[in-house]
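Throughout, protein chains are lettered first and strands after them, A, B, ... in sequence-line order, and every chain is numbered starting at 1.
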Amino acid sequence: MEIPLSRFNNISLDQIQTSISNFPSIVLDHKLFSNTKFSLFNGYYDFSSFSSKNIRIRTPLSLIRCSSIKQGLQPKPKPKPNQIELERVSDKPSTQIKKPTNTSGLCGEIEKLVRFRRYKDALELFEIVECESDYYDVGESTYDALVKACIELKSIRGVKRVYNFMMRSGFEADQYMNNRVLLMHVKCGMMIDARRLFDEMPRKNVVSWNTIIVGLVDSGDYEVAFDLFMIMWREYHDAGSRTFVTMIRASAGLGCDYTGRQLHSNALKMGINEDAFVSCGLINMYSKCGFVEDAQRAFDEMPEKTVVGWNTIIAGYALHGYSEEALTMYFEMQDSGVKMDHFTYSIIISICARLASVEHAKQAHAGLVRNGFVSDLEANTALVDFYGKWGKIEDARRVFDRMPCKNLTSWNAMIAGYSNHGIGTEAVCMFEQMLREGQVPNHVTFLAVLSGCAHSGLSDQGWEIFESMGRKYKVKPRAMHYACMIQLLGREGLLDEALAMIRDAPFRPTENMWAALLNACRVHNNLELGKFAAEKLYGMEPEKLSNYVVLMNIYRSSGRLEEAADVVQTLRKRGLRMLPACSWIEVKKQPHCFHSGDKSHVQAEDIYKQLDKMMQEITKHGYVPSKKSLLPDVDKQEDRVLLYHSEKLAIAFGLISTSASTSLQVVQSHRICGDCHNVIKLIAKISQREIVVRDASRFHHFKDGTCSCGDYW
DNA sequence: GTAGGGTTAG
């Protein structure tokens with residue numbers, strides 16, 4: 001590795017050149033070290049290891065970069081070179097050398113680094129203190145800085161180092177410092193140690209209680225948190241708004257509006273209900289518990305609506321699928337003049353991903369850029385997710401590539417994007433790239449990449465990755481991973497193997513696994529096994545319509561109309577109604593929704609004319625209507641309805657209302673039927689347009705007469 | 001000086 005010599009700031013080049021004996025392990029003469037004011041922060045070197053004769057400088061350990069701090073390193077008060085040697089050789093703790101009384105040296109540097117938010121560097125510098133503990137007097141302010149560094153980095157190792165050093169050096173922590181140490185453990189998720197520290201604390205104050213309770217709530221131990229809260233409440237009568245906010249959050253986590261409401265009424269009694277934090281907590285609690293109206297009321301009662309208040313209520317509406325209401329609140333927020341933050345944009349973008357509203361998402365994207373949140377990790381991840389979900393996979397990739405840093409979620413969103421688009425090879429590529437960059441995959445990653453393999457029929461890669469999950473990455477395959485593999489087997493027509501996979505699973509087979517098998521039976525027209533899988537599913541989720549519909553369609557495509565009718569009967573007996581399928585298309589910023597055979601659109605006449613014209617043209621290209629796969633909304637007038645499936649209407653409308661080269665984006669509520677799939681392939685060919693359809697399970701990219709799904713979905 | 005609210009992944 002090439003390291004520029006200029007990094008050795010205060011040493012002449014001659015000296016350096018004569019000193020370097022073994023790059024990148026550089027050995028400097030001890031005289032050189034003692035005589036030279038060596039600026040640690042301008043170099044890339046770690047001084048923590050000393051050899052007996054020479055001062056050995058290991059490189060490039062830590063990349064300690066700090067051009068702004070020119071303060072030199074003073075490891076001890078004027079040590080003589082031979083002293084170093086003697087001490088090292090004898091390997092005894094030094095007694096002769098006094099600790100420096102001020103912290104302007106190394107400890108000061110650590111504090112400075114933390115102030116500059118360079119936590120990693122601070123913890124690395126701390127290594128020297130650990131090695132040379134006799135020379136440094138680590139005081140409260142330094143510990144405070146180290147605690148902050150650990151919290152910011154969520155570094156368990158850092159916590160252990162700092163805590164052990166504190167114990168070893170005999171530091172006597174006061175109430176403040178004990179609380180800080182407790183907080184450090186809590187924030188790094190070390191709840192067992194945190195609980196021990198809390199229980200063993202010589203004195204506790206309200207802060208100690210709040211800190212441990214926050215930790216419990218963060219880690220989902222809501223019941224224990226409530227137990228402690230009750231003790232605190234009895235003993236102290238001193239719970240303030242901060243404790244309340246945490247307990248309201250615990251109620252939200254439990255989905256328990258009963259305790260939430262009790263806390264709310266107590267907050268009213270205490271006069272803290274108008275506190276912005278309490279209000280936001282209440283809005284969140286009510287919406288998480290499913291009481292959106294109460295959430296709205298809590299929001300309305302906020303005297304000063306903060307950006308978080310707006311975000312919370314918008315997210316609340318979005319959580320329950322009230323996307324339009326959420327957007328309405330977003331517009332109100334814009335009117336109110338409150339400055340939006342990156343959370344607002346993240347929420348809006350994720351709502352747009354669901355609504356498939358490109359225009360609003362684009363506006364949010366623009367707002368994001370305008371307000372300088374371009375590098376915000378979560379917002380960008382939401383964008384990757386959005387563009388991935390909305391068929392703009394290239395845009396997703398562009399955002400992804402421009403992200404200055406990525407986390408696991410970003411990678412997962414990108415891989416899932418490729419998977420949903422049926423670009424399995426690219427999903428696998430991204431997965432491999434992710435591994436190369438040192439990102440550790442989790443179960444979501446595997447789900448994304450395996451479903452990519454399943455969507456694209458990448459059998460070999462799929463099995464290799466599936467097999468590596470537990471062996472290499474210690475991620476236990478879950479039901480959904482099994483479902484992907486079942487899908488892969490099903491795609492290849494290996495239905496018996498798929499059944500065996502379900503039976504051999506190390507856990508009780510889930511709905512998803514049977515559903516994957518049922519779908520494979522649909523594709524391969526395997527009536528017997530299909531019936532078997534469907535019956536399993538009826539037992540597990542009797543309310544789920546799609547199970548009946550798939551079996552009904554299997555019967556129909558095998559020409560067994562009586563059995564198909566029986567399924568419809570069973571369905572009715574169970575009080576289930578077939579929901580009308582619908583498709584959306586956005587034209588000129590306006591979403592248009594179509595139901596099958598729907599004539600409510602203002603341009604209905606033109607749309608139907610266009611559709612008839614389209615059908616005539618594709619018939620010339622060899623289209624024959626298929627009656628095989630029928631949708632939930634079909635009834636006696638099958639042919640007519642099949643002809644006017646909602647996706648066909650949406651596409652006809654798209655064709656007449658956009659210019660010739662525009663690609664069409666359609667979102668639909670159901671899995672695309674075989675007939676529509678054929679029709680759209682031909683329309684894409686004849687009209688020379690790209691048509692992207694997002695159905696209930698994935699994307700279909702139609703271009704030049706083919707579809708990205710390879711006719712398996 | 002220490003503790004509190006909201007976002008992302010099928």
Side-chain angles (χ1 to χ4, degrees), chain A residues 140-141 144 147-148 151 173-184 186-187 205-215 217-218 239-250 252 272 275-285 287-288 298 302 306-316 318-319 340-351 353 373 376-386 388-389 406-417 419-420 441-452 454-455 478-481 483-484 512 696-698:
Chain A
E140 189 166 278
S141 56
D144 211 39
V147 164
K148 185 167 166 57
I151 292 174
D174 57 5
Q175 178 75 70
Y176 167 78
M177 210 53 222
N178 273 327
N179 286 343
R180 289 286 282 164
V181 169
L182 177 64
L183 177 71
M184 169 171 83
V186 159
K187 288 289 173 187
N205 63 8
V206 187
V207 177
S208 328
W209 283 86
N210 279 338
T211 307
I212 191 73
I213 290 176
V214 163
V217 173
D218 281 346
S241 65
R242 293 192 138 114
T243 323
F244 263 75
V245 171
T246 310
M247 297 325 294
I248 292 169
R249 186 152 62 94
I272 52 169
D275 174 282
F277 286 100
V278 174
S279 302
C280 293
L282 287 171
I283 300 167
N284 183 42
M285 185 273 295
S287 67
K288 290 273 160 67
M302 265 182 104
T306 60
V307 56
V308 181
W310 284 103
N311 289 346
T312 316
I313 189 72
I314 294 173
L319 179 72
M340 287 174 270
D341 64 3
H342 63 278
F343 277 108
T344 321
Y345 293 114
S346 292
I347 302 164
I348 294 306
I349 291 165
S350 66
I351 292 170
F373 296 124
D376 182 81
L377 182 67
E378 281 80 9
N380 275 309
T381 302
L383 269 176
V384 171
D385 177 47
F386 164 75
K389 278 188 178 136
K406 303 160 177 93
N407 67 6
L408 183 58
T409 312
S410 333
W411 282 100
N412 288 352
M414 192 65 238
I415 297 173
S419 296
N420 294 334
N442 68 354
H443 67 277
V444 181
T445 322
F446 282 110
L447 186 57
V449 68
L450 288 176
S451 82
H455 281 330
R478 304 183 184 189
M480 281 303 285
H481 303 110
C484 288
N512 304 319
S697 72
R698 57 173 298 161

Under 4.0 Å, counting only non-hydrogen atoms across every strand here, what does [X] touch: a base, just sugar-phosphate, or nothing?
X        : result
A:Ala382 : nothing
A:Asn407 : nothing
A:Thr409 : base
A:Thr445 : nothing
A:Val207 : base
A:Lys148 : nothing
A:Asp385 : sugar-phosphate
A:Thr306 : base

Value in whole Å for how far the [atom2] atom of [N] lies from [atom1] of [X]:
X        : N      : atom1 : atom2 : result
A:Asn442 : B:dT8  : CG    : P     : 16 Å
A:Leu282 : B:dG6  : CG    : C1'   : 14 Å
A:Met247 : B:dG5  : CE    : C1'   : 15 Å
A:Ile212 : B:dT2  : CD1   : C1'   : 15 Å
A:Trp411 : B:dG10 : CH2   : P     : 17 Å
A:Asn178 : B:dG1  : CG    : P     : 19 Å
A:Arg180 : B:dG1  : CZ    : C1'   : 8 Å
A:Phe343 : B:dT7  : CZ    : P     : 8 Å

Can you find a donor-acceptor pair, distance only, under 3.5 Å between [X] side chain and [N] base?
X        : N     : value
A:Glu140 : B:dG1 : yes
A:Asp341 : B:dG6 : yes
A:Asp275 : B:dG4 : yes

Exercise for review: Decide side-chain contact (heavy atoms from CB on, under 4.5 Å) for A:Val147 and A:Leu183; before the verdict, give the C-alpha distance in whole Å, the side-chain angles of both, and the deciding distance to 0.1 Å.
Suggested key: CA-CA 9 Å; A:Val147 164; A:Leu183 177 71; 5.6 Å; no
Is any side-chain N or O of [X] closer than 4.0 Å to OP1 or OP2 of [N]?
X        : N     : value
A:Asn284 : B:dG6 : yes
A:Arg249 : B:dG5 : yes
A:Lys187 : B:dT2 : no

Which nucleotide in [options] has an atom nearest any side-chain atom of [X]:
X        : options              : result
A:Val444 : B:dA9, B:dG5, B:dG6  : B:dA9
A:Thr246 : B:dG10, B:dG1, B:dG4 : B:dG4
A:Thr381 : B:dG5, B:dT8, B:dG4  : B:dT8
A:Leu183 : B:dG10, B:dG5, B:dT2 : B:dT2
A:Asn412 : B:dG10, B:dG4, B:dA9 : B:dA9
A:Phe277 : B:dT2, B:dT7, B:dG5  : B:dG5

Review point. For residues A:Asn311 and A:Thr344, is any side-chain donor paired with an opposing acceptor at under 3.5 Å?
Key: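 Yes.
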Review point. Under a 4.5 Å cut-off applied to non-hydrogen side-chain atoms, are A:Ile213 and A:Met247 in contact?
Key: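 With C-beta onward as the side chain, the pair touches.
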Review point. Mind checking what makes side-chain contact (heavy atoms from CB on, under 4.5 Å) contact with A:Leu408, not counting sequence neighbours?
Key: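 In terms of side-chain contact (heavy atoms from CB on, under 4.5 Å), with neighbours along the sequence ignored, A:Leu408 is linked to A:Asn412, A:Met434, A:Gln439, A:Asn442, A:Thr445.
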Practice item. May I have the step-by-step check of side-chain contact (heavy atoms from CB on, under 4.5 Å) for A:Ile314 and A:Ile351, ending in yes or no? Key: CA-CA 9 Å; A:Ile314 294 173; A:Ile351 292 170; 3.8 Å; yes
Check your understanding: Side chain of A:Asn420, backbone of A:Ala416: donor and acceptor closer than 3.5 Å?
Key ->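 Side chain of A:Asn420 to backbone of A:Ala416, a donor-acceptor pair under 3.5 Å: yes, one is there.
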Exercise for review: Kindly write out the residues that satisfy salt bridge (Lys or Arg N to Asp or Glu O under 4.0 Å) with A:Asp275, not counting sequence neighbours, or none if the list is empty.
Suggested key: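 A:Asp275: no salt bridge (Lys or Arg N to Asp or Glu O under 4.0 Å) contacts found.
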